[in-house]
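Below is one structure, written out as structure tokens; the observations come after it.
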Amino acid sequence: MSEQPLRRRASVKAAEVLKSSDNDDMDRDSSDSSDDFDAPKSSSAKKATKASHSKAEVSDSDDDVPLSARKQSKPTAANGNVPQNKRAANGSSRNSAANDDNGNDSETSDAPVTKKSKTAAEKKVDDENENGDNESDEDDDDVPLSKKKANGDVKAKKTPVGKKDTAAKRKLKVEESAVTPAKKRKTPAIKKSGTPVKNEKKGEDDDNDENADEEEEEEDQFAWWKDGALDTSEKWKTMEHQGPVFPPAYVPHGIKMKYNGAPIELEPDSEEVATFFAGIIGTDYEQNKTFCANFFRDFLTVLKKQKKTCPIKEFAKCDFTPIYQHLQEQKELRKAMTKEQKQKIKEEKLALEEKYGWALFDGRKEKVGNFRIEPPGLFRGRGDHPKTGTLKLRVMPEQVTINIGKEAKVPEPPAGHKWGSVVHDNTVAWLATWKENVNDNIKYVLMAATSSLKGQSDLKKFEKARELKKHIAKIRRDYTDGLKDKVMATRQLSTALYFIDRLALRAGNEKGEDEADTVGCCSLRFEHVTLEPPNKVIFDFLGKDSIRYYNEVAVDEQVFKNIKIFKREPKKEGDMLFDRLNTAILNKDLTKYMTGLSAKVFRTFNASYTFQKELNSTPADGTMQEKILAYNRANRQVAILCNHQRTVSKAHTAQMGKIQDKVRGYKYERSLIKKALLEVDPKLKKKRPELLEDESDVDDDFVQRYLTGLEEKEKDRVAKALEKENEKRKAEGKAPLKELEKKKSVPTPLESLSVEKLEKKLEDMGKRIETTKLQIIDKDENKTTALGTSKINYIDPRISIAWCKKYDVDLEKIFNRSLREKFHWASHLDDDWEF
DNA sequence: GTGGAGACTTGGAAGAATATTA
DNA sequence: TAATATTCTTCCAAGTCTCCAC
């Protein structure tokens with residue numbers, strides 16, 4: 001895979017965390033063999049894995065009995081083998097036309113799915129042959145989805161042209177019908193919901209009154225989780241807010257950029273755009289050709305609107321560094337601000353939050369999330385986004401729709417402006433919305449994570465995942481059987497589900513031409529999956545946010561066979577792996593097991609389930625640190641499972657080097673202790689031969705460096721102490737000293753210590769080395785793994801809270817304040833609660 | 001039945017705030 | 001106390017999935 005933009009690094013995901021899906025408690029009936037999911041083999045794969053491995057059924061393929069229940073209405077096409085959304089092997093073509101492999105239009109491409117469905121049901125995949133290859137052709141009656149799509153633009157999912165303003169219509173409809181009931185309600189006393197429930201230890205001493213207030217506040221909190229009424233589509237009866245905050249108007253700085261070496265005077269609008277570009281200098285975007293091209297195209301458009309003609313024609317001749325330097329200076333000035341100045345800014349920010357940061361939901365004060373309208377700038381699309389660098393225009397109030405209770409006062413738009421429209425829709429969660437110009441995406445002002453609205457959807461999400469637990473055994477049985485189904489569509493669905501369940505892959509919706517080429521399970525293409533006999537599947541693709549997913553997994557024999565079939569000629573690079581499947585089909589199929597079940601629920605379920613299981617290895621008698629380490633390790637397993645990566649920090653290598661040097665320093669110190677021990681008690685030479693061994697990776701060079709370093713540090717320390725002393729003397733009117741009178745007490749030479757003391761020192765140093773080594777491992781393992789995302793989105797917080805209760809750990813050790821507020825609803829549970 | 005708009009969740013990066021170390 | 005490291009917060013891009021108009 002070629003180098004990716006944005007410093008996204010490939011990292012290897014440990015699949016084996018996907019522990020056995022078969023647990024007694026899960027009633028999984030497969031005869032698992034623990035090798036089904038091998039650890040990924042990669043030089044960089046250092047992720048700890050201690051999985052109990054999942055086993056898949058390895059029933060003999062000859063007994064393959066179709067699951068009648070599952071194939072009633074599998075949508076497949078009439079014939080042909082044209083893959084859906086075929087993309088050219090060179091990666092550049094994402095051909096939207098439903099063409100066959102020769103590029104001809106498919107004659108049957110517009111056949112209705114129902115028809116295709118029936119046809120497909122008749123078409124069978126041949127039984128597996130004796131070699132177990134099961135590569136019998138499916139007669140190709142079982143037609144890829146692409147065939148079913150109309151000739152022409154199948155691909156372009158998001159077609160900006162001709163988009164209809166259904167939203168406007170919908171809103172209008174809402175305004176007429178779904179409006180707050182006219183019936184007058186007595187407005188309840190204002191209570192805060194989602195108000196910070198502070199129980200931090202720090203600050204405890206200094207404001208007891210505040211704590212008392214908080215306790216009272218907590219008691220007052222809207223305990224929606226006790227109501228059990230989570231199914232209502234009506235989100236509020238009355239709702240008030242102050243509207244969004246618009247970014248301040250641009251203030252020109254007058255710094256001239258250069259063109260062809262000469263300073264250029266720009267009008268404010270152009271200067272603003274030039275300043276946007278200067279702001280990305282030094283980042284990877286500066287080197288991104290698409291980013292620069294898109295920026296420059298839009299820059300030229302803005303320049304053309306200038307009153308004075310501007311000579312700028314070529315990007316290569318533009319020099320934005322004067323503006324960049326100005327920005328740097330501004331940054332320095334901000335850094336150098338006095339405490340008072342900083343305080344003033346903080347207060348202004350707080351005042352703004354106080355005014356706009358809250359909304360009243362049925363009289364309760366709740367926190368708003370992003371109440372600021374996004375400022376103009378350059379679109380920072382990730383990966384190879386074709387629109388990255390495009391100018392994101394300033395949003396005007398006329399583009400903004402306000403959603404508010406019918407009886408509430410509509411917030412005032414900025415002076416001289418009016419709102420695009422005002423609606424009163426209590427079935428949606430947003431307070432304001434607008435459409436951005438780059439991708440035509442709709443943006444929303446939503447409530448904060450701590451709000452009851454978000455809390456309720458979180459609880460619903462986790463309850464849904466818990467409900468999946470009741471159905472997972474049957475689902476797994478079904479898809480395991482389906483792997484051998486005679487209908488190609490069913491096989492693909494089962495195989496995809498196998499991956500979604502076992503590997504926590506995302507569903508993989510179709511994407512448009514004007515988006516980065518990233519994929520999920522259903523949208524995997526030929527080149528994203530390779531096979532390595534006897535049973536290894538290698539995944540290598542760019543997933544969400546253009547993060548690389550690389551995984552080598554030993555799979556069920558039948559899954560291996562299936563992939564071989566799905567990749568069979570004439571399929572080639574650019575073709576869909578699952579050409580009879582998409583997310584709609586997959587999710588529709590899943591609803592037969594459980595209302596509301598979709599592919600993403602598997603991610604939540606498996607993350608939470610894995611986490612709870614991993615936590616079982618918490619040492620009950622361990623120290624607090626050991627317990628927390630166990631918690632973080634469980635968290636890491638989930639993060640690895642979900643492929644949550646982060647960019648390695650620039651300072652990482654240097655930081656690692658420092659800690660490694662620290663270990664080497666300790667080792668050197670240990671060698672001195674050993675030496676002293678042998679001198680004090682020479683008999684130990686025979687009794688303890690290990691004392692004669694050299695310390696690893698402590699060579700002469702290092703020792704020299706280490707000692708010099710110590711010397712310099714000591715000099716530095718003495719100099720500082722002298723300086724301090726002289727300042728003190730100066731204040732007292734005394735003459736300064738040339739050197740410190742008091743000499744630091746010389747430490748007792750090791751050789752004069754007793755054997756017992758030396759042994760103790762040796763032991764302590766050994767412990768210190770081990771602890772620091774663990775730190776290194778921990779740091780390195782976390783180098784590319786981001787733990788936060790899974791903690792915030794995938795792991796049921798009740799598992800963590802129950803764990804804290806069980807192991808007597810303070811919640812604040814594992815949840816920061818934001819998380820405690822976000823998951824306040826979860827803190828009320830029985831001691832024996834389980835996911 | 002289907003495509004696409006709309007609504008919402010998920011996700012990493014950057015910057016700010018805070019803690020730790022020298 | 002300053003420098004450095006870590007944690008937290010904010011921002012907004014990029015997913016998933018439902019529902020409605022055609």
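Naming: A, B, ... by sequence-line order, numbering from 1 per chain. Everything quoted here is computed from the prediction, not taken from an experiment.
Close to C:dA14, at under 4.0 Å from its OP1 or OP2, lies a side-chain N or O of A:His385. Taking only side-chain nitrogens and oxygens, A:Lys511 comes nearer than 4.0 Å to OP1 or OP2 of C:dG15. Put simply, A:Lys461 has no side-chain N or O that comes within less than 4.0 Å of OP1 or OP2 on B:dC8. At the phosphate of C:dG15, OP1 or OP2 sits under 4.0 Å from a side-chain N or O atom of A:Thr518. Between A:Thr789 and B:dG12 there is a side-chain N or O to OP1 or OP2 distance below 4.0 Å.
Closest to the side chain of A:Tyr794, out of B:dC8, C:dT9, B:dT10, is B:dT10. Closest to the A:Asp545 side chain, of the nucleotides C:dC8, C:dA13, C:dA14, is C:dA14. Counting only heavy atoms from C-beta on, A:Lys454 has its side chain closest to B:dT9 among C:dA13, B:dT9, B:dG11. Among the nucleotides B:dC8, C:dA13, B:dG11, the one closest to any side-chain atom of A:Tyr444 is B:dC8. For A:Trp430, counting side-chain heavy atoms from C-beta on, the closest listed nucleotide (B:dC8, C:dT9, C:dC17) is B:dC8. Counting only heavy atoms from C-beta on, A:His644 has its side chain closest to B:dG11 among C:dC12, B:dG11, B:dC8. Closest to the A:Asn509 side chain, of the nucleotides B:dT10, C:dC12, C:dC17, is C:dC17.
Nearer the 5' end of DNA chain C, as judged by each residue's closest nucleotide, is the contact made by A:Pro375, out of A:Ala599 and A:Pro375. Residues A:Arg506 and A:Leu819 both approach DNA chain C. Their nearest nucleotides, taken by heavy-atom distance, put A:Leu819 toward the 5′ side. Where A:Thr283 and A:Asp458 meet DNA chain B, the nucleotide closest to each residue was compared, and A:Asp458 sits on the side nearer the 5' end. Judged by closest nucleotide on DNA chain B, A:Ala429 is the one of A:Lys346 and A:Ala429 placed further toward the 5' end.
Whole-Å rounding puts the A:Ile547 CD1 to B:dT10 P distance at 17 Å. What separates CG of A:Asn439 from P of C:dA14 is a distance of 7 Å, to the nearest Å. Rounded to whole Å, atom P of C:dA13 lies 12 Å from atom NZ of A:Lys387. Put simply, CZ on A:Phe541 is 11 Å from P on C:dG15, counting in whole angstrom units. Straight-line distance from the CZ atom of A:Arg372 to the P atom of C:dT10: 9 Å, rounded to whole Å. Summarising the geometry, the separation between CG on A:Asp661 and C1' on B:dT21 is reported as 16 Å, rounded to the nearest angstrom. As a whole-Å value, the separation of A:Asn643 CG from B:dT10 C1' is 14 Å. In this structure, the CE atom of A:Met447 is 12 Å from the P atom of B:dC8, given to the nearest Å.
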Self-check item: Contact letters for nucleotides 2-7 of chain C, in which S counts primed atoms plus P, OP1 and OP2 and B counts the base, heavy atoms under 4.0 Å
Solution: --SSS-

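Checked against the 6.0 Å centroid threshold, A:Phe611 and A:Tyr631 count as a close aromatic pair.
At a cut-off of 3.5 angstrom, the base of B:dT10 holds at least one donor-acceptor pair with the side chain of A:Lys544.
Note on A:Lys392: only backbone sugar-phosphate atoms sit closer than 4.0 angstrom, heavy atoms only; bases stay farther off. As judged by a 4.0 angstrom heavy-atom cut-off over every strand, A:Arg603 is placed among residues touching the sugar-phosphate backbone only. Across all strands shown, A:Gly369 has no heavy atoms under 4.0 Å from either base or sugar-phosphate atoms. Counting any heavy atom pair closer than 4.0 Å across all strands shown, A:Gly520 reaches no nucleic acid atom. Contact annotation for A:Ile792: no contact, since no heavy-atom pair falls under 4.0 Å across all strands.
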Practice problem: Go through the steps to decide whether A:His528 and A:Tyr549 satisfy the test ring-ring contact (aromatic ring centres under 6.0 Å, His included), and finish with yes or no. | Solution: CA-CA 10 Å; A:His528 296 136; A:Tyr549 180 93; over 10 Å; no

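Taking CG of A:Leu431 as the start and CZ of A:Phe371 as the end, the distance is 11.5 Å to the nearest 0.5 Å.
A salt bridge links A:Lys443 to A:Glu374: at least one charged side-chain nitrogen sits closer than 4.0 Å to a carboxylate oxygen. With respect to the salt-bridge test (charged N to carboxylate O, under 4.0 angstrom), the residues A:Asp810 and A:Lys813 do not qualify. The pair A:Lys822-A:Asp458 meets the salt-bridge criterion, since a charged nitrogen lies less than 4.0 angstrom from a carboxylate oxygen. Salt bridge absent: A:Lys658 and A:Asp661 never bring a charged side-chain N and a carboxylate O closer than 4.0 Å.
The main-chain N or O of A:Leu446 is found under 3.5 Å from a side-chain atom of A:Asn370 such that the two form a donor-acceptor pair.
Checked options A:Arg382, A:Arg506, A:Arg380; the residue passing with A:Asp545 is A:Arg382 (criterion: salt bridge (charged side-chain N to carboxylate O under 4.0 Å, His left out)).
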